[in-house]
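Read through the structure below, which is laid out as structure tokens, and then see the notes.
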Amino acid sequence: MDTKLLTSNLVLFSSILLTLFTFSYGQNCSTHQFTNNNLFSTCNPLPVLNSFLHWTYHPDNHTVDLAYRHGGVTESSWVAWALNLDGTGMAGCQSLIAFRNSSGQIHAYTSPIAGYGTTLTEGALSFGVPRISAEFVRSEMIIFATLELPINRTSFTQVWQNGQVSEQALRVHQTSGDNMRSVGTVDFASGQTSAGAGGGISASARQRRRNIHGVLNAVSWGVLMPMGAIFARYLKVFKSANPAWFYLHAGCQTVAYAVGVAGWGTGLKLGSDSVGIRFDTHRNIGITLFCLGTLQVFALLLRPKPDHKFRLYWNIYHHVTGYTVIILSIINVFEGFDALNGQKNWKKAYIGVIIFLGAIAVLLEAITWFIVIKRKKTSVSDKYPHGNGTNGYASRSHDQTA
């Protein structure tokens with residue numbers, strides 16, 4: 001097998017994969033599929049609280065059909081999205097609220113907010129809402145509604161929020177971090193949204209930071225790490241690949257670790273900026289991967305020589321830790337997809353990548369076993385060139401007695 005060709009193909013594949021992942025992350029809003037198959041002409045990611053606003057504006061009757069998605073929440077959470085017709089904050093908001101009630105049903109209703117300290121009681125808004133409903137799907141609360149907009153206006157201040165429900169009471173939301181920056185503007189006619197004065201960064205900037213986090217981690221931990229293992233396990237069987245396989249393995253894993261640490265750092269920053277939004281499993285696995293990956297880097301620096309008495313134990317540690325990292329990496333990539341909510345195309349693409357790498361591994365496993373068995377037979381044949389039995393020892397005995 002041409003190892004140079006195999007190496008170049010894998011490197012080319014990883015480059016193409018990085019490009020595809022980068023492109024896919026730009027499709028976050030428009031590709032979401034609702035369980036009720038609703039379609040909307042416009043979608044914008046909101047800058048904080050893992051939220052998205054989908055809508056279709058009908059200029060003929062000045063109404064808007066919309067869906068507000070709020071991810072990263074639990075079944076004991078309430079979520080709200082509101083328009084403020086005259087102000088720029090919570091006071092005066094005309095709100096859509098959703099939470100799971102005591103009967104286990106998702107309850108959606110309207111609530112006008114006169115001022116601070118509200119209990120989000122049910123009431124009519126200053127404009128018509130002929131339809132409102134909600135559902136909870138995969139850690140995401142979604143509110144569907146039709147709004148009859150005020151005459152001659154399409155641009156408003158929008159506010160969105162989430163909090164906890166306790167004993168059927170909607171508790172006050174967090175008063176720090178992203179919960180205090182969840183305000184902006186929306187123009188239903190032009191399809192534009194922007195962050196308000198307290199909104200910090202724009203929606204596109206926040207989404208871009210999430211995209212960077214996802215791309216860095218999916219490509220590093222989820223793809224380059226398994227590729228590095230493939231280099232080590234299968235290329236070293238080819239005599240012509242020695243010691244190139246080691247440098248390919250070490251180089252690939254080092255790049256994966258460096259890029260993965262950058263992705264891990266962006267994840268920490270996103271977490272600190274998103275108070276009240278928690279993805280505990282994703283975060284804990286990420287911290288574990290960083291620790292194990294760091295141990296692998298230090299272990300490489302302390303690698304004993306091949307004939308050292310501790311080399312066997314180092315090999316066992318290195319392999320167990322390495323395969324643990326790969327398994328946890330793949331799991332955490334899928335956890336990341338779930339945290340981003342509804343990224344079916346990304347998930348399908350990554351499943352295709354894993355299947356592709358798995359198929360390569362199976363093929364190379366068969367080839368390496370074939371080569372190893374063939375070498376053993378050749379070695380035995382070289383050791384006993386005249387064979388055994390009548391053509392070997394017995395023949396020589398006959399010659400001596402003759």
Side-chain angles (χ1 to χ4, degrees), residues 1-21 215-260 289 292-293 295-297 299-300 303-306 311-334 346-382:
M1 175 176 287
D2 190 338
T3 57
K4 291 184 178 180
L5 178 60
L6 176 62
T7 301
S8 62
N9 286 341
L10 287 174
V11 171
L12 176 62
F13 168 72
S14 63
S15 301
I16 295 173
L17 181 66
L18 178 59
T19 303
L20 290 176
F21 264 97
V215 169
L216 291 177
N217 285 293
V219 173
S220 59
W221 299 106
V223 177
L224 291 179
M225 282 289 180
M227 284 177 60
I230 289 174
F231 284 137
R233 178 166 179 81
Y234 301 115
L235 293 188
K236 63 183 176 182
V237 74
F238 303 102
K239 294 180 179 180
S240 60
N242 190 31
W245 71 265
F246 171 76
Y247 296 112
L248 284 171
H249 169 66
C252 188
Q253 302 297 68
T254 301
V255 171
Y257 175 74
V259 176
L289 284 172
L292 292 177
L295 286 175
Q296 284 288 72
V297 171
L300 179 64
R303 185 170 62 108
K305 292 183 178 180
R311 181 58 181 262
L312 173 63
Y313 304 105
W314 184 92
N315 285 341
I316 293 173
Y317 154 80
H318 184 65
H319 285 85
V320 170
T321 305
Y323 285 118
T324 300
V325 166
I326 291 173
I327 293 171
L328 289 178
S329 296
I330 294 173
I331 292 173
N332 216 30
V333 169
F334 285 106
W346 304 352
K347 186 178 290 188
K348 290 177 181 178
Y350 184 68
I351 290 173
V353 170
I354 294 302
I355 292 175
F356 178 78
L357 292 177
I360 289 178
V362 170
L363 176 62
L364 291 177
E365 187 76 25
I367 292 173
T368 52
W369 273 106
F370 173 78
I371 293 174
V372 169
I373 293 173
K374 184 178 180 180
R375 283 178 182 169
K376 286 184 177 180
K377 290 182 178 179
T378 303
S379 177
V380 171
S381 177
D382 292 342

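Values below: every heavy atom of this structure, side chains too, minus hydrogens, waters and symmetry copies.
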Exceeds 12 heavy-atom contacts within 6.0 angstrom, atom OH of Tyr313: no
Atom pair CG (Leu363) and OG1 (Thr368), whose distance is rounded to the nearest 0.5 Å: 9.5 Å
Residue pair Val297 / Thr254, side-chain heavy-atom distance below 4.5 Å: no
Heavy-atom closest contact (Ser220 atom, Ala256 atom, distance): CB-O, 3.3 Å
Shortest non-hydrogen contact between Leu357 and Val223, atoms and distance: CD1-O, 4.2 Å
Shortest non-hydrogen contact between Phe238 and Ile367, atoms and distance: CZ-CG2, 4.3 Å
Steps toward side chain to side chain contact (heavy atoms under 4.5 Å, CB included) verdict (Leu248, Leu235): CA-CA 9 Å; Leu248 284 171; Leu235 293 188; 3.8 Å; yes
Separation of Phe370 CZ from Leu364 CG (nearest 0.5 Å): 14.5 Å
Least distance between heavy atoms, Arg311 atom then Arg303 atom: NH2-NH1, 3.4 Å
Close aromatic pair by centroid cut-off 6.0 Å: Phe246 and Phe231: no
Reference residue Trp221; test side-chain contact (heavy atoms from CB on, under 4.5 Å); the match among Val325, Val259, Ile330, Ile326: Val325
Nearest heavy-atom neighbours spanning Val255 and Leu224: CG1-CD1, 4.2 Å
Stepwise side chain to side chain donor-acceptor pair (under 3.5 Å) test for Tyr234 and Glu365: CA-CA 7 Å; Tyr234 301 115; Glu365 187 76 25; 2.6 Å; yes
From CA spacing to verdict: side chain to side chain contact (heavy atoms under 4.5 Å, CB included), Gln253, Leu300: CA-CA 11 Å; Gln253 302 297 68; Leu300 179 64; over 6 Å; no
Donor-acceptor contact present, side-chain His249 to main-chain Gly228, <3.5 Å: yes
Inter- and intrachain pairs under salt bridge (Lys or Arg N to Asp or Glu O under 4.0 Å), touching residues 323-334, at least two apart: none
ring-ring contact (aromatic ring centres under 6.0 Å, His included) involving Trp314 - partner list, sequence neighbours excluded: His318
Any residue meeting side-chain hydrogen bond (donor to acceptor under 3.5 Å, both in side chains) with Asn332, in chain and number order, not counting sequence neighbours: His282
Rounded distance (nearest 0.5 Å) linking atom OG1 of Thr324 with atom CD of Gln296: 9.0 Å
